[in-house]
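Counting begins at 1 with the first residue of the sequence. All values below come from the heavy atoms of this structure, side chains included, with hydrogens, waters and symmetry mates left out.
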Amino acid sequence: MSPSLFIEQLTFSGGASIKLEPASVVVIVGPNNAGKSETLRDILSLAGRSRPKLKNRVVTRMKMNRAGTADAFLEWLAPYRLPDSKDYQLTPLQKINNFSKIKVSDTGSLFGVNLEQAPEYQLRVFWEKQEFSSSLNEIFFHLLDLSTRFKATEPASAFDLTSDIPYHPIQKMCVDQTLADRLSGYFQRAFGQALIVNRTAGSTLPLHCGPVPQLDPGEDRVSPSYARKLQALPLLQDQGDGMRSFADCLLQVTAADKFVVMIDEPEAFLHPPQARFLGTLLAREKPAGRQLIISTHSGDLLRGLLDANPSALQIIRLTRDGNLNHARVLDSDRLRTLWDDPILRFSNTLDSLFHEQVVLCEADGDCRFYASILDAIQSADSNTRMPDVMFTSTGGKHKIPAIAAALASIGVPTRAIVDFDILNNHSPLKEAIEALGGNWDAFEARWKRVKTGVEQFRPELETAHVRKEIEKLLEQVSTPTFPLDVAKSIQGVLKRASPWDAAKQLGLDAVPKGQLRQVAEALLADLKQLGLFVVESGEMESFDQTVGGHGNAWLAEVLRKDLRQDPRLENARRFIQGLFSPRPRLPS
């Protein structure tokens, strides 16, 4: 078994203890100021010993473990073994971390451990001891944050292939052409340019980007004429932040001899497609047996990680309450089930992980309307903090329960806005109530009474009239292919025959007055407390019935109005204000 040093458990200041899987890809998400970046810094601090006690630490305790024997560990360190000796030179491993805050004395020691000449017995004891309190841990951890993002793309020092240890990622590319070609291919796909190591630049090994120069007859890669062609290409270190950041993240993950690599915001400086591609590559290129921990604000990067479908992917969502940081893990099986759903895969639902709360709507138009109303009611001169909320479409009522349950499972406060006709059927109403933490038994009896009351209304057309109307439409059809306009007309006839068609437009006014109306109002009030907001007037278009049309046509006209002051939109403004009055409950 290949040796592996990994984090087994993290305990957060809010009290949650989360187990991490060996060789896992761990993604830390959450709203701004939740403690994502600080989590990575705390891990690096806790990895060593003799660290000062930190105030307001996000991660309060960390448990480490290892896999593989001490012999396997020493075999892994074989490239660092001194010639004709049982001692190991670990300074190259530390040099990879020369961007971190590890303090190494002038004599090459790290808290008493001689990195220039570490004895084999000391490394064996380090590996076999269970408490892992040794400061040696730190040289097997690497934190790549924004302050050090471009270091790996700067020219590496030239080295002696026969005696020196290639510790720098660019040096690794020099001795591993397969690795170099693979990374160049990824860079080509992301930016349309190859990534090329210049082995003829003297005391340094810079990276160039651009088209690979052609070898003329008689030329090879060390020919002066070829070196001049290569030198004419742009240096990667002189390119934009996006190119350098992309390359740096890949180099550090694929070519650094580290057991635990942590990256803070790998999506920085990248456009969404590049961030998604990078997420896929990080998951695929992570060496076997290594642990990769990522802090991110990007739904695109997260989608890329999901595209790669790594065997062990854990998503931890952080939230902050005062000085306490609370953490929850999304169930991996549920995550994979949801990711197979096209609605989630091709929507922005995953972006809700980076907001304090989310509102699920049936369609994109609903999201635009309700988000616009919320924006309008925020007073420009108010000191009230705007809610960090995201409206997202589920593509219909039937998707609300699954998405609500997934978001609630990792602590995302979730509400849903649905049209009145959700009361028409047992499903998905029951599933939505349960996904939001409610008990169906507390709602079922009242729902049945309201449904029965709505259906007491006689259809607008009797059966004989429905048959007559449809036959009249069918008589018009003479073409082999059934006309779409006739099909829509027949659908309209059937809708007019349903009491729920009227209920969707009338809302509570479709419920008989009196005691049944009181039952319906109490039912909707309790659903609202749960986080399920039923439009009392029927549907989105019922908020302003002076505007004709439906869906996008209605929405385009309404958004031209003064959403803040138009009197006909007062009910819409009250509805949205009420949306954020109660705090939605989360399932325990």
Side-chain angles (χ1 to χ4, degrees), residues 10 12-16 18 26-45 54-60 143-149 241-242 245 249 262-272 274-276 278-279 293-306 314-330 347-360 367 370-371 374-375 378-380 382-392 406-415 579-580 583-584 586:
L10 294 174
F12 292 85
S13 61
I18 294 177
V26 182
V27 189
I28 312 292
V29 302
N32 285 330
N33 198 37
K36 298 185 293 296
S37 299
E38 193 61 34
T39 294
L40 304 187
R41 290 190 286 268
D42 285 351
I43 288 173
L44 187 62
S45 176
L54 302 178
K55 294 182 179 179
N56 301 329
R57 178 178 273 170
V58 176
V59 180
T60 57
L143 171 59
L144 180 61
D145 60 20
L146 293 177
S147 66
T148 61
R149 178 56 50 86
D241 291 348
S245 179
C249 289
M262 299 178 288
I263 310 179
D264 189 17
E265 298 185 36
E267 72 276 5
F269 317 114
L270 296 176
H271 293 298
Q274 295 162 342
R276 183 163 184 165
L278 179 61
I293 305 177
I294 295 171
S295 164
T296 181
H297 291 83
S298 170
D300 294 295
L301 186 98
L302 182 56
R303 291 181 186 91
L305 290 166
L306 289 168
Q314 295 176 271
I315 299 178
I316 300 174
R317 186 174 189 269
L318 292 184
T319 55
R320 185 189 294 274
D321 184 8
N323 289 329
L324 298 180
N325 304 85
H326 302 281
R328 298 183 69 165
V329 182
L330 178 60
S347 74
N348 65 343
T349 303
L350 279 177
D351 294 333
S352 60
L353 296 174
F354 307 96
H355 295 267
E356 292 178 359
Q357 49 196 318
V358 62
V359 177
L360 306 178
C367 293
Y370 296 124
L374 175 62
D375 184 66
Q378 300 295 319
S379 176
S382 172
N383 292 325
T384 304
R385 179 175 177 266
M386 292 185 64
D388 178 12
V389 59
M390 184 182 122
F391 292 83
T392 185
L407 295 177
S409 72
I410 56 168
V412 181
T414 304
R415 301 167 173 84
L579 189 68
F580 299 102
R583 186 181 182 90
L586 291 173

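Here the side chains of D351 and M390 are in contact, with some heavy-atom distance below 4.5 Å. Two residues are said to be in side-chain contact when any heavy atoms from C-beta on lie closer than 4.5 Å; F12 and I18 meet this criterion. Between L302 and H297, the closest side-chain pair of non-hydrogen atoms is not below 4.5 Å. In this structure the side chain of H355 never reaches within 4.5 angstrom of the side chain of V412, judged on heavy atoms. Between F391 and V358, every side-chain heavy-atom pair lies at or beyond the 4.5 Å cut-off. Side-chain contact check for V27 versus Q314: every heavy-atom pair is 4.5 Å or farther apart. Under the 4.5 Å side-chain criterion, counting only non-hydrogen atoms from C-beta, L360 is not in contact with R415. Inter-residue side-chain proximity for T296 and I28 is flagged as unmet; no heavy-atom pair is nearer than 4.5 Å.
Between the side chain of S45 and the backbone N or O of R41 there is no donor-acceptor pair closer than 3.5 Å. Judged by distance alone, with hydrogens and angles left aside, the side-chain atoms of R276 form no donor-acceptor pair with the main-chain N or O of P272 at under 3.5 Å. A donor-acceptor pair under 3.5 Å is formed between the side chain of R320 and the backbone N or O of N33. With D264 contributing its side chain and L144 its backbone, the two residues share no donor-acceptor pair below 3.5 Å.
Annotation: salt bridge (Lys or Arg N to Asp or Glu O under 4.0 Å) contacts of D241 (sequence neighbours excluded): R244. Residues passing the side chain to side chain contact (heavy atoms under 4.5 Å, CB included) test with T319, sequence neighbours excluded: P31, R317, H326.
For G35 against T39, the heavy-atom pair with the smallest separation is O-OG1, 2.7 Å. Across all their heavy atoms, P266 and S295 have their closest contact at CD-O, 3.5 Å. A pairwise comparison of heavy atoms in A327 and I316 identifies CB-CG2, 3.9 Å as the closest pair. Minimum heavy-atom separation, S13 to N325: OG-N, 2.7 Å.
Inspection of the D145 and T148 side chains reveals an N or O donor paired with an N or O acceptor under 3.5 Å.
Shown are R149, E265, Q274, E267; of these, the side-chain hydrogen bond (donor to acceptor under 3.5 Å, both in side chains) with S245 is made only by R149. The residue from I315, L305, V26 that alone fulfils the side chain to side chain contact (heavy atoms under 4.5 Å, CB included) condition with I294 is L305. Of the residues D388, L407, V389, the one that meets the side chain to side chain contact (heavy atoms under 4.5 Å, CB included) test with Q357 is V389.
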Q: Output, in order, the C-alpha distance, side-chain angles, deciding distance and verdict of side chain to side chain contact (heavy atoms under 4.5 Å, CB included) for V29 and F354.
A: CA-CA 6 Å; V29 302; F354 307 96; 3.6 Å; yes
Q: Starting from the C-alpha separation in whole Å, work towards a yes-or-no answer on side chain to side chain contact (heavy atoms under 4.5 Å, CB included) for L278 and C249.
A: CA-CA 8 Å; L278 179 61; C249 289; 4.3 Å; yes
Q.
Pair R303, L350 - check side chain to side chain contact (heavy atoms under 4.5 Å, CB included), show working.
A. CA-CA 8 Å; R303 291 181 186 91; L350 279 177; 3.7 Å; yes
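Distance check, rounded to the nearest 0.5 Å: CG of L270 to CG of L301 gives 8.5 Å. For the atom pair L40 CG and L143 CG, the distance stands at 6.0 Å (nearest 0.5 Å).
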